[in-house]
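Written below as C-alpha cells is the structure these notes are about.
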2 protein chains.
Amino acid sequence: MAKQNNVYKDAYNRCLALLGAGESLPSEPELGTTLGVSRTTVRSILSRMEERGLIEWNKRSKLVLRAPAPDDFFPDDETDSLSQIIERSFMRRLLAGGAQAGMQINELELAREIGVGTTSVREFLIRFSRFGLIEKRRNSHWVLKGFTKSFALELTEIREMFELRSAAAFAALAKDNPVWTDLDAMEQEHHELIAAIGTRYGEFSELDERFHRLIHSASHNRFIVDFYDVIAMIFHYHYQWNKTNEPGRNKIALQEHLQYIAALKSGKLDQVEKACRRHLKSARETLLQSIPESWQ
Amino acid sequence: MAKQNNVYKDAYNRCLALLGAGESLPSEPELGTTLGVSRTTVRSILSRMEERGLIEWNKRSKLVLRAPAPDDFFPDDETDSLSQIIERSFMRRLLAGGAQAGMQINELELAREIGVGTTSVREFLIRFSRFGLIEKRRNSHWVLKGFTKSFALELTEIREMFELRSAAAFAALAKDNPVWTDLDAMEQEHHELIAAIGTRYGEFSELDERFHRLIHSASHNRFIVDFYDVIAMIFHYHYQWNKTNEPGRNKIALQEHLQYIAALKSGKLDQVEKACRRHLKSARETLLQSIPESWQ
DNA sequence: AAAATGTCTTTTGACGATAAAAGACATTAT
DNA sequence: ATAATGTCTTTTATCGTCAAAAGACATTTT
C-alpha cells in the first residue's frame, strides 16, 4: 500500500457530525474549508455517504436522509496519521522504562516493530530530534539522550526565559487588542473548570496549553512560539504518565493561572513577573517529580 | 543509483594528506578513528591506494610508496553529501532574490531541478524547517516565510537572550576549568588575525563561530547550544551574501571579541554584559543591513 | 591476551513507483 | 457574473528495493 486514506476517513467521521444539524449539506468548497481537506476528498466523502444511504446527492442538492448510526463511523485507529502512530508508539517505549540514556535507536527495527516503512520512521526521527531527546550520529544510528532530570531542567530554563518575556509583552499590549477578549473568555473557562474540578480535571491539559500559547503569541517571535511545541509535547506525555493527585494538582495550577491573569490585566510588570514565576516554578516541580529517580 | 559513495571519496581525499608524513600508515581501526569512518570504508580506501600504487599493502604493513599527485584526488564535487548539495542549491535560490515571502515550495520540482530523489528533498525540508524560514501545510506544500527583516529581528532577539545568559555562566566558571585555556588560545588567534586582517579576513567567519559556540557551551543547556546551529547557518550565508567592506567589519568584530574576552576574564558581570551587548548589537546591525529593502 | 585482520551480516541513505490527496481548468448552474 | 460542479493533472505520503557504510564475530598476528 502506498498511502493510507486516513485523511479521508478522519474527515468522513467529522463530516458525519454535520449531518444531524441541517436539512442539507453546504457546497463542496464550503465543506472542504470546514473539514480542512480538498474538494477531491470532499467528493469521496459525499460518494460514500450516498452509497450508505445517508444523503441523496444530485449536483448541488445534498439532502440528508438519516442521522448517522454508530456503525457509520470508521474505527478510530483507521483515522490516525502514520506520524501520530509512530509518535505514540515511540513515546510508549520511551516512557515504558526500558529506555536508558545512551541507548541506540535502530530505524529498521523500529519500522519493523511498528509495522511501517523505514522512510516514515526516518522522517519522524528527524522531526522529533528538535525535542532534544535524541541525537543523530552521522551515517549511523540515533542515540537516545533520555528523559532525565537534566533534560527537564534545561527545558524549563528556556520555558521560563521565554514565558517571562512573553508575559511582559502581553501585559504591555494595548487594551483594545483582541487578545484581551480571548483572555477574558479563558478566565471564565478557568472558573467553570475549577467549579467542576472533581469530574472535569481531565480537561485541564488542553486549557493549560491554550492559555500558555496565548501568552507566548504576544512575543511575536516565531522561535518562542515554536518552542512551545516542545513544551506541549513533553507535558502532554507527562500528564499521561503522572496521574498522582491529578485533580488537586490541576486545581492549584488553575488558581495560579487566575492570579497570573489578574496580574496581566493589572498591567503591573512586577506582579506579572511574580505570578508567572510562581506558576512556572510549580509546573517545573511537578515535571521533576514525575521523573523516576533511577533515570537520575 | 541507491547511494553515492561520497563518504568513501571524501575520506580517501583526507587520507591522501596523511601519506606524506610517515613511512607507513597506522592500523585500520586507528585510521577509521582519525578519518571518522568505519573499518569497511578504511579498507576500501586502502584497496584503491594499493591499486593506484600509492602504498604497498600486506596485512599490517602499509608502506607508503610515493606522495600523492593532484590527480590522485577525487574531484571536490564528488565528495559532498547529498544534504549539503541540496542545502546549497536551496539557499542559492532563496538568496538569489526571486524568493518572495508566501511563495510555495514544491518538493517534486525542487528534486527534479537539483537532480535528486524526492525523499532526500523532503528530509532536507523537514530538517531545514527548524530555522524558521519555511512552514509546512499539512498534506500539502511548504510555504516560504522569507528572509525578512522581522526574521532577522526575531533571530537576534533569541540570540541575545541566550548569549547574555551563557556569557554570565561562562564568567562564573572556576578558573581551573579547561574552557579558560581554550579562551586564551582563541584570544591569541584573534590578535594574529587582526595583525593580518588585510589578507586573512576570510578566516573571521570560522573563528567567530568557534568563539560564540565556546561561550554558548557554558550554558550547559542543549536548547541554547542547538540554537547556535540556526545562527551559524544564517550567518554563514549572510557572510557569503554581504561582502561590503568585509575586512573593516571583521576587524571591528574581532576587537569587540577581545573586549568581550577581557570582560569574561575579569569576572565582572556588568562588564561582561556590556561587552556582550555591544558586540551583539553590531552583529545585528550588520545582519539587518544585508537584507534588501525590497524584502521589507 | 590484546589488538589487528579477514569475512560476513545488518543498517543506513537514496531512489523509483504508486495510491491518496491536492489542485487546476473547463463547463454548468443560479 | 459569480459560484459550484465535473474532469483531469500534479503533488504528496509511503513503500519496497539496493548499494554504501557500519558493525559484529571469528581468526590471525605480535
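Below, chains carry the letters A, B, ... as their sequence lines are ordered, and counting in each starts from 1. Values below: every heavy atom of this structure, side chains too, minus hydrogens, waters and symmetry copies.
Using bins of under 30°, 30° to 60° and over 60° for the plane-to-plane angle, the ring pair B:H216/B:Y228 lands in the tilted bin. Using bins of under 30°, 30° to 60° and over 60° for the plane-to-plane angle, the ring pair B:H238/B:F235 lands in the perpendicular bin.
Side-chain contact between A:L35 and A:L18: present, with at least one pair of heavy atoms (C-beta onward) separated by less than 4.5 Å. Annotation: side chain of B:M91 is in contact with side chain of B:M233 (closest heavy-atom distance under 4.5 Å). Looking at heavy atoms from C-beta onward, B:L144 lies in side-chain contact with B:L94 at the 4.5 angstrom threshold. For the pair B:V116/B:F124, no side-chain contact is recorded, criterion being any heavy-atom separation below 4.5 Å from C-beta on. Contact of the B:L82 side chain with the B:N6 side chain is not registered, since no non-hydrogen atoms from C-beta on lie closer than 4.5 Å. Side-chain contact between B:K136 and B:S129 is absent, with no heavy-atom pair separated by less than 4.5 Å. Residues B:R210 and B:L214 have side chains not in contact (no heavy-atom distance under 4.5 Å, counting atoms from C-beta outward).
Minimum atom distance to the side chain of A:R122 is reached by C:dG13, of the listed C:dG23, C:dG6, C:dG13. Looking at the side chain of B:N5, the nearest of the listed nucleotides D:dG6, D:dA20, D:dT12 is D:dA20. Taking every side-chain heavy atom of A:Y8 into account, C:dA21 is the closest of C:dA21, C:dC15, D:dA20. Closest to the side chain of B:K59, from the set D:dT7, D:dA4, C:dT5, is C:dT5. Side chain of A:T119, nearest nucleotide from D:dA21, C:dT5, D:dG16: D:dG16. For B:A2, whose side chain is taken as the heavy atoms from C-beta onward, the closest listed nucleotide among D:dA21, D:dC18, C:dA22 is D:dC18.
A sub-4.0 Å separation between OP1 or OP2 of C:dG23 and a side-chain N or O of A:R39 is absent. Close to D:dT10, at under 4.0 Å from its OP1 or OP2, lies no side-chain N or O of B:H141. The side chain of A:T41 contributes an N or O atom lying less than 4.0 Å from OP1 or OP2 of C:dA22. Phosphate proximity of D:dA21 to A:N139: absent, as no side-chain N or O sits under 4.0 Å from OP1 or OP2. For B:N106, a side-chain nitrogen or oxygen approaches OP1 or OP2 of D:dT12 to under 4.0 Å. Checking the phosphate oxygens (OP1, OP2) of D:dA21, no side-chain nitrogen or oxygen of B:T40 falls inside 4.0 Å. Note on B:K136: a side-chain N or O is less than 4.0 Å away from OP1 or OP2 of D:dA13.
Between A:E123 atom CD and D:dT12 atom P the separation is 12 Å, expressed in whole Å. With rounding to whole Å, B:Q104 atom CD is found 10 Å from C:dA22 atom C1'. Rounding to whole angstrom units, CZ of residue A:R43 and P of D:dC8 are separated by 12 Å. Between the NZ atom of A:K62 and the P atom of D:dA3 there is a distance of 16 Å, given to the nearest Å. Computed from coordinates, the A:N58 CG to D:dT5 C1' distance equals 11 Å when rounded to whole Å. Atom CD1 in B:I105 sits roughly 15 Å away from atom C1' in D:dT12 (whole-Å rounding). Rounded to an integer number of Å, the gap from CG of A:L25 to P of D:dA4 is 14 Å. Separating the CG atom of B:D80 from the P atom of C:dA14 is a distance of 12 Å, rounded to the nearest angstrom.
In plain terms, the two heavy atoms of B:F147 and B:I291 that are nearest each other are O-CG2, 3.7 Å.
A donor N or O paired with an acceptor N or O is not found under 3.5 Å between the base of C:dG13 and the side-chain atoms of A:T118. With hydrogens and angles left out, the side chain of A:R138 and the base of C:dG13 share no donor-acceptor pair within 3.5 Å. For C:dG13, the base has no donor-acceptor partner in the side chain of B:S81 [N/O atoms by modelled type, under 3.5 angstrom]. Between the base of C:dA22 and the side chain of B:S140 there is no donor-acceptor pair shorter than 3.5 Å.
Non-hydrogen atoms lying under 4.0 Å from DNA chain D are contributed by B:E107, B:L108, B:R112, all within residues 107-116 of chain B.
Closest-nucleotide positions on DNA chain C for B:V121 and B:E28 were compared, and the one nearer the 5' end corresponds to B:E28. Of the two residues contacting DNA chain D, namely A:W57 and B:G36, the nearest-nucleotide position lying further toward the 5' end is that of A:W57.
Nucleic acid contact class of A:E30 (heavy atoms, under 4.0 Å, all strands): none. When heavy atoms are screened at a 4.0 angstrom cut-off, A:K9 is found touching no nucleic acid atom at all. Contacts of A:S120 with the nucleic acid, taken as non-hydrogen atoms under 4.0 Å apart, involve only primed sugar atoms and P, OP1 or OP2. Looking at heavy-atom distances under 4.0 Å, A:S27 makes contact with sugar-phosphate atoms alone, never a base.
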